[in-house]
Engineer: 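Next up is a structure, given as structure tokens.
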Amino acid sequence: MTLDSAAATRSIRRGRLLTLVALLGLAGLYVLAIQFTPTERFQGLAQKIFYVHPPAAYAMQLAFVVTGITSALYLWLRDPRLDAFAEASAEVAMWLGLIVVITGPIWGRPAWGVWWAWDPRLTFTLIELMVFAGYFALRTAVPEPEERAKFAAVVGITALVLVPFNHLTVYLFASQHPTPVVLDPSALGSPDAKLPPAMLRTFLTGMGVFTLFYLGFVMQRYGIGVRRLIREHDDAS
Amino acid sequence: MPPENGSYATAAYIIVAVVVTLYTVILWRRGRHP
């Protein structure tokens, strides 16, 4: 067992610091988006949800991918820290997913005229979140740490399939949801398709802020998870 | 003239702030006891 209580505490402290920076960054992002970014011509002020909704979705998918990778590494190396990290990342993904599925309909109402549509991207995102709700139900159901980690890792690996498939839903199916406007290969070199610089700057700030939230949250949650594993190990011995 | 629909963005921004603050507080409390 290579679990270190002092390292867990360090991870929690660093995570807290990053989270505080992210919270300040979020305040800065709001000022940037409201005061220093032009209002979109057709959608009006509702388009400003663009600076939080896709960045939260990107951070959620990043969290799922990290869960998938660390789950696969756990099955290979059997290091309990990898399981703790996979669990931490999955929990953060659920919180970010909550932001995604709330801000999405709030944008959908003024942009599409409906709060929710059973569109491939929306439906698939919901499926992804349900799979990970199952991931936590499974973890709660198995008390033995090694068994729990092994079973959870198998579910965690499904993220590596679900995430790229979710990305492709807007290309594979007739979808209301827009395709990427920033990372769009077909837009390269076309001045019409590009996001205006002021909007791009705010969007990239949003991506940075949500990356910081992911890192801050996952480091704290990882430290908490390692402490729990140490307690379980001490109770068992 | 863009439509007057700022209340949607305001609601979204408030909800994002509430969710991240709530999770920050939850993690802070869970991380307090070694």
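Values below: all heavy atoms of this structure, side chains included; hydrogens, waters and symmetry mates excluded.
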Engineer: If you draw a 6.0 Å radius around CZ in A:Arg13, do more than 12 non-hydrogen atoms from other residues or ligands fall strictly inside?
Structural biologist: no
Engineer: Over all heavy atoms of both residues, which pair between A:Ile49 and B:Tyr8 is shortest? Give the atoms and the distance, please.
Structural biologist: CD1-O, 3.8 Å
Engineer: So which residues of residues 104-115 of chain A are in contact with chain B at a heavy-atom cut-off of under 4.5 Å?
Structural biologist: A:Ile106, A:Arg109, A:Pro110, A:Trp115
Engineer: What are the two closest heavy atoms between B:Gly31 and A:Arg227, and how far apart are they?
Structural biologist: O-NH1, 2.8 Å
Engineer: Would you tell me whether A:Gln220 and B:Tyr23 have side-chain atoms, one donor and one acceptor, within less than 3.5 Å of each other?
Structural biologist: no
Engineer: Look at the side chain of B:Asn5 and the backbone N and O of A:Gly44, then say whether any donor-acceptor pair between them is shorter than 3.5 Å.
Structural biologist: no
Engineer: Looking at every heavy atom in both B:Thr24 and A:Thr19, which two are closest together, and how far apart are they?
Structural biologist: OG1-CG2, 3.4 Å
Engineer: If you round to the nearest 0.5 Å, how far is NZ of A:Lys48 from OG1 of B:Thr10?
Structural biologist: 10.5 Å
Engineer: What pair of heavy atoms forms the shortest contact from A:Glu91 to B:Arg30, and how long is it?
Structural biologist: OE2-NH1, 3.1 Å
Engineer: Shortest non-hydrogen contact from A:Tyr30 to B:Ala17?
Structural biologist: OH-N, 3.7 Å
Engineer: What part of A:Leu29 is in contact with chain B, defined as an atom under 4.5 angstrom from a non-hydrogen atom: side chain, backbone, both or neither?
Structural biologist: neither
Engineer: In the structure I gave you, are the side-chain heavy atoms of B:Val20 and A:Trp95 within less than 4.5 Å of one another anywhere?
Structural biologist: no
Engineer: Heavy-atom distance under 4.5 Å between the side chains of A:Leu26 and B:Tyr13, does that happen here?
Structural biologist: no
Engineer: Where is the tightest heavy-atom contact between B:Ala9 and A:Ala46, given as atom of each residue plus distance?
Structural biologist: CB-CA, 4.4 Å
Engineer: Between A:Phe217 and chain B, with a heavy-atom cut-off of 4.5 Å, which part of the residue counts as in contact: side chain, backbone, both or neither?
Structural biologist: both
Engineer: Side chain, backbone, both or neither: which part of B:Leu27 has a non-hydrogen atom closer than 4.5 Å to chain A?
Structural biologist: both
Engineer: In terms of heavy-atom proximity below 4.5 Å to chain B, should A:Gln47 be classed as side chain, backbone, both, or neither?
Structural biologist: neither
